[in-house]
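First comes the structure, then the notes that go with it.
Counting convention: from 1, in listed order, for ligands and their atoms alike.
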Amino acid sequence: DLEASEQEGREYIMHLDKMAGIRKNRAALAEWAYTSNITKENEDNRIQVQLEISQQEKLAWEETKMYRWQDFQDFSLRRMFKKYSQLGVAALPNDKYKQLMLSISGMESNYATAKICAYKNETKCDLSLEPDLTEIFAKSQDPEELKYYWVEWHKAAGARARQNFTEYVQLDNEAAKLNNFDDVAEWWQSEYEVPDFEQQLAKIWENVKPLYQQLHAYVRKRLRDKYGEEVVSARGPIPAHLLGNMWAQTWNNIESFTRPYPDKKEVDITQAMQDQNYTSLKMFRMSDEFFRSLNLTAMPEKFWKNSIIEKPTDREIVCHASAWDFYDGEDFRIKMCTVVSKEYFKTVHHEMGHVQYYLQYKDIPVVFRGGANPGFHEAVGDTIALSVSSPKHLRRVGLTSGDAEDEQTEINQLYKMGIDKIVFLPFAYTLDLFRYGVFRGATTPDDYNCHYWRLREELQGVEPPVTRTEDDFDAAAKYHVSADVEYARYYVSFIVQFQFHRALCQIAGEYVPEDLTKKLVDCDIYQSVAAGNALSNMLKMGSSRPWPDAMEALTGQRAMRADGLLEYFRPLHDWLQAENQRTGEYIGWESSNIQYC
Ligand SMILES: C=C(C[SeH])C(=O)N1CCC[C@H]1C(=O)O
Ligand SMILES: [Zn+2]
């Protein structure tokens, strides 16, 4: 009868979940071994382990089909079976599975080991993306030098990945179909468990676009003031290499010469950290201390022992920052090539946020050890970093003596946050709109680069520094495209983190709407146990319930909405509109004169 089989089902699935934890631990260890020491031997071992594990997953998957779990009464039990009823890439036959793994690791190792020759010094050809090119894009204000490095990197990491990427699309789509999806786009979107996910992304963009266009217009004017009409036009897109970042995804490195009130003291914590002899470890210790101040969980001993927080000198590793769960309840790690700078301070918090999520949900079934949706996992660390980057907190930890709060300082602060958070949204939206089109076949290999730049121009209002052709493949010059990592999660994160931040600030008594002494922009939840407990209650849920339930637990809202972000930046939006009116700057952009299709 149903009762007995439901009880049998429970015993079976709990056993299967335990075995799945052992498999995921083994897979993570093999992946860690490869990405922390890129050698052919470690790549072969990783693929060998993945193949063996996929066989075991297939057997487990066959067994789940013996249970009529759809009829079970217990919500969690049904949800566990539902998740285990989806096999994933292991549904591919062995040879195709292996081919898919090889094409992805081919792209990823190319990206991780690509070396560039120095500008005006062709004999020095050992520059890496991290830390070398990252540093150059953060500091250089020479358009020709930036153009050179932009072109070289996109050649080495983008064009060279085109063949592998084309193969990966084909094989990953086959895997999607074996999982009853039309294509990978539908598979990726199923992670968000809402039928109108793509419409929600579009709606949010419509809400944020007016603010972005105002910020874009202001920045273009300030760049034209600096580089001249020849380099930055009055009504066109902004050349992508002048925005302080290889992908123009965040513009915080151009703050020093574009901020609204330049005579106000600049808040440059990179300089302060270097002056105070900060080390990478100190940044990690400070982040850990912030989480502990909220009554959240301290990083365990193994974390400090096993993590790799600086680039090794004796081997090649994947430097792109990552946080790891080894699914045994005690081994959690971060791997990143930290440099003492404001950007990496933010990334440390971002990665520590992932590990805190792992710690909060480590005692629930393995299958539920994930973000309520992928965007939630990306939002935890950033939400904490919104408090850390407040002038109040930076003063508290001695990283800035900054002016007392006045209207101009506040606009400078909101501008600093805006060129990090607002400008990121059209970039993130572009990256997966592009890939949705590729997986759906609307974008074919001979349109890859043309469609990529068309979206970049339409949504971000940026243009390539030089002519592009289909010999190029600029999308893969971004880590997540070369590493098969979905990107809409960051778009979601940059929206929901402001809903989380607002809720936590109210719980901490740091934000009271209409109370000018308790403004959202000044909120710092540091040491608020009440806020920490509320955050913990949401994080402990993992993916055991649909994400609107998790969102409601913390914020009382059940929908992802731009209103948190728009409320936070309201004063900046008003200021930008007035400033662009004053200067007569054209809002928006006409099509580019650079040939890319
Ligand atoms: C830091 C990580 C690892 Se999950 C990352 O990839 N991020 C964090 C913000 C956006 C995105 C990027 O770098 O493109
Ligand atoms: Zn992340």
- [ ] May I ask you to check whether Y490 and H480 place their ring centres under 6.0 Å from each other?
- [x] yes

Task: Which of the ligand 1 atoms, numbered from 1, are nearer than 4.0 Å to a heavy atom of A321 - done: 3 (C)

Open item on the list: If you consider just the N/O/S atoms, which atom of E378 is the closest one to the Zn ion (ligand 2)?
Closed with: OE1

Open item on the list: Using a 4.0 Å cutoff against the non-hydrogen atoms of K478, which atoms of ligand 1 qualify?
Closed with: 12 (C), 13 (O), 14 (O)

Open item on the list: Could you check, using the six-membered ring where one of them is a Trp, whether Y448 and F165 have ring centers closer than 6.0 angstrom?
Closed with: yes

TODO: Would you please indicate yes or no on a ring centroid separation below 6.0 angstrom for F500 and F376?
DONE: yes

Open item on the list: Contact between ligand 1 and H354 is defined here as a heavy atom of the residue under 4.0 Å from a ligand atom; is it met?
Closed with: yes

- [ ] Examine E351 against ligand 1 and note whether any of their N/O atoms are separated by less than 3.5 Å.
- [x] no

TODO: Heavy-atom contacts with E378 under 4.0 Å: which atoms of ligand 1 show up? List them by number with element.
DONE: 4 (Se)

Open item on the list: Could you tell me, atom by atom, which parts of ligand 1 come under 4.0 Å of a heavy atom of Q249?
Closed with: 12 (C), 13 (O), 14 (O)

Open item on the list: Please report whether the ring centroid of F439 lies less than 6.0 Å from that of W187.
Closed with: no

Open item on the list: Looking at W32, I'd like to know if the NZ or CZ of R333 sits under 6.0 Å from its six-membered ring centre while staying within 45 degrees of the ring's axis.
Closed with: yes

TODO: Please confirm whether F332 and F303 have ring centers closer than 6.0 angstrom.
DONE: no

- [ ] Would you mind checking which non-hydrogen protein atom is closest to atom 7 (N) of ligand 1, with the distance to 0.1 Å?
- [x] Y490 CE2, 3.5 Å

TODO: Round to 10° and report the angle made at the Zn ion (ligand 2) by NE2 of H350 and NE2 of H354.
DONE: 100°

- [ ] Using heavy-atom distances, let me know which of Y344, W247, Y487, F424 sits nearest atom 14 (O) of ligand 1.
- [x] Y487

Task: Nearest candidate to atom 8 (C) of ligand 1, where distance is taken over non-hydrogen atoms, out of H480, H350, E343 - done: H350

Task: Ring centers of Y111, Y479 separated by less than 6.0 Å - done: yes

Open item on the list: Ring-plane angle category for H377 and Y357, please: parallel below 30°, perpendicular beyond 60°, tilted otherwise.
Closed with: tilted

Task: Heavy atom of S322, distance to ligand 1 below 4.0 Å - done: no

